[in-house]
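Single-structure report; data block below.
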Amino acid sequence: METTQIQLIARPHGEPMDTDFAVVKIGLPELEDGDVLLRVLYLSLDPYMRGRMSTAKSYAAPVELGTVMVGATVCEVIESRADSLAPGDVVLSYSGWQTHTVAKARHVRKLDPEAAPISTALGVLGMPGFTAYGGLLEIGRPQRHETVVVAAATGPVGSAVGQIARIKGARAVGIAGGPEKCRALLDEFGFDAAVDHRAPDFEDQLAAAVPDGIDVYFENVGGGVADAVTPLLNRFARIPVCGLVSAYNATEAPTGPDRLPAFMRRILTSSLTVRGFIQDEFVPTRYDDFLRDMSEWIRDGSVAYREDVVVGLENAPEAFRGMLAGRNFGKVLIRIGDR
Ligand code: NDP
């Protein structure tokens, strides 16, 4: 049995190029007791993967050159030497950018295809949805009638942040790139206001959208959006620092004056709470609640989700570049096999 993999073969400088990856066919090992042979149905593409392509110090080790790119997948079991799984079962795995893999059954989680579409285990009911839930409720702590602002708001993290904020009685203001995404924030995701960060009068539009200031800024992007948000923060505002996607492909420090002293002064004078997090720190205390709440919210229609499905493993590098540049519209998934 063979697998087709996309391996990382060079460290990208700036935007990842096709030449940083290689498509390689390799043989898979024989199954041992406790193993399953998996066929990948969906591969999740997530912004954190850009960090894994680099050797810069981070919370996880970089992908070694000449090995398969990492990533979460939804797979079908096609052969099993484990009592817990049978051919035809669908599981959540971490097999990376490839078509097939051999995994230990204890390292995968069986999914119930009757409970929710299997792809949602990579999005709204998976790591991105949990990131929104944990970061917003643990650090943002939105209160009734407060204003929550989030950018990358049509993506899997941002769209969940805004909708959970509304469920908690707060006002949700989404920032997204372009009029079509802003329309979806209002019509599909039920945000109270939407602001286009690409519009020439973005700062004015944002100020108009938050007449009572900002109590929670869920930081997904950094850069110019964060600069526009900072003057609008209320006293005691909370800033869960989730991601800084505007800088993931950056090759040098931002130009212009050093903004750090003014930002530190703002933290002091407005009693701001700024706290970074990596979602898995909330797993022990919040994961079960997340699965229960989010499943319920999807069922009763209070949380909507959107997926951007690209067909074919070979299209993963381009889809990944597109996601960092905002060309995706919803959770980016690569469909590799059909059921
Ligand atoms: P998305 O699907 O939302 O994709 C990223 C989006 O970022 C793009 O679609 C684009 O949306 C937006 N973007 C890119 N550049 C800029 C820019 N210069 N200014 C404003 N927006 C920009 O990604 P996810 O929902 O998967 O992830 C959102 C964030 O959450 C990322 O920063 C990610 O790293 C982080 N994250 C953090 C985790 C943690 O544990 N801390 C876990 C999971 C995700 P648009 O077109 O609207 O501008």
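Counting starts at 1 for both ligands and their atoms, in listed order.
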Please list, one pair per line, the donor and acceptor atoms closer than 3.5 Å that link side chains of residues 172-185 to other protein atoms, with sequence neighbours excluded.
from: Lys181; atom 1: NZ; to: Gly326; atom 2: O; distance (Å): 2.8
from: Lys181; atom 1: NZ; to: Asn328; atom 2: O; distance (Å): 2.8

Can you give each donor-acceptor pair under 3.5 Å made by side-chain atoms of residues 113-129, sequence neighbours left out, with the distance rounded to 0.1 Å?
from: Ser119; atom 1: OG; to: Glu307; atom 2: OE1; distance (Å): 3.1
from: Ser119; atom 1: OG; to: Glu307; atom 2: OE2; distance (Å): 2.8
from: Thr120; atom 1: OG1; to: Pro117; atom 2: O; distance (Å): 2.6

Show every donor-acceptor pair shorter than 3.5 Å between a side-chain atom in residues 22-38 and any protein atom, with sequence neighbours excluded, or say none if there are none.
from: Asp33; atom 1: OD1; to: Arg81; atom 2: NE; distance (Å): 3.3
from: Asp33; atom 1: OD1; to: Arg81; atom 2: NH2; distance (Å): 2.5
from: Asp35; atom 1: OD1; to: Lys104; atom 2: NZ; distance (Å): 2.8
from: Asp35; atom 1: OD2; to: Glu32; atom 2: N; distance (Å): 2.9

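With salt bridges taken as basic N to acidic carboxylate O contacts below 4.0 Å, none links Arg327 and Asp308. Between Glu146 and Arg238 a salt bridge is recorded (basic side-chain N to carboxylate O distance below 4.0 Å).
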Give me the pairs of N or O atoms, one from ligand 1 and one from the protein, that sit under 3.5 Å apart.
from: ligand 1; atom 1: 2 (O); to: Asn328; atom 2: ND2; distance (Å): 2.9
from: ligand 1; atom 1: 9 (O); to: Asn328; atom 2: OD1; distance (Å): 2.6
from: ligand 1; atom 1: 25 (O); to: Pro156; atom 2: N; distance (Å): 3.4
from: ligand 1; atom 1: 25 (O); to: Val157; atom 2: N; distance (Å): 3.0
from: ligand 1; atom 1: 30 (O); to: Asn220; atom 2: OD1; distance (Å): 3.4
from: ligand 1; atom 1: 32 (O); to: Asn220; atom 2: O; distance (Å): 2.8
from: ligand 1; atom 1: 32 (O); to: Tyr248; atom 2: OH; distance (Å): 3.3
from: ligand 1; atom 1: 34 (O); to: Tyr248; atom 2: OH; distance (Å): 2.7
from: ligand 1; atom 1: 40 (O); to: Gln279; atom 2: N; distance (Å): 2.7
from: ligand 1; atom 1: 41 (N); to: Cys242; atom 2: O; distance (Å): 2.9
from: ligand 1; atom 1: 41 (N); to: Phe277; atom 2: O; distance (Å): 2.9
from: ligand 1; atom 1: 46 (O); to: Lys181; atom 2: NZ; distance (Å): 2.6
from: ligand 1; atom 1: 47 (O); to: Gly177; atom 2: N; distance (Å): 2.9
from: ligand 1; atom 1: 48 (O); to: His197; atom 2: NE2; distance (Å): 2.6

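Cation-pi check for Arg286 over Phe130 is not met; the charged atom does not lie both under 6.0 angstrom from the ring centroid and within 45 degrees of its normal.
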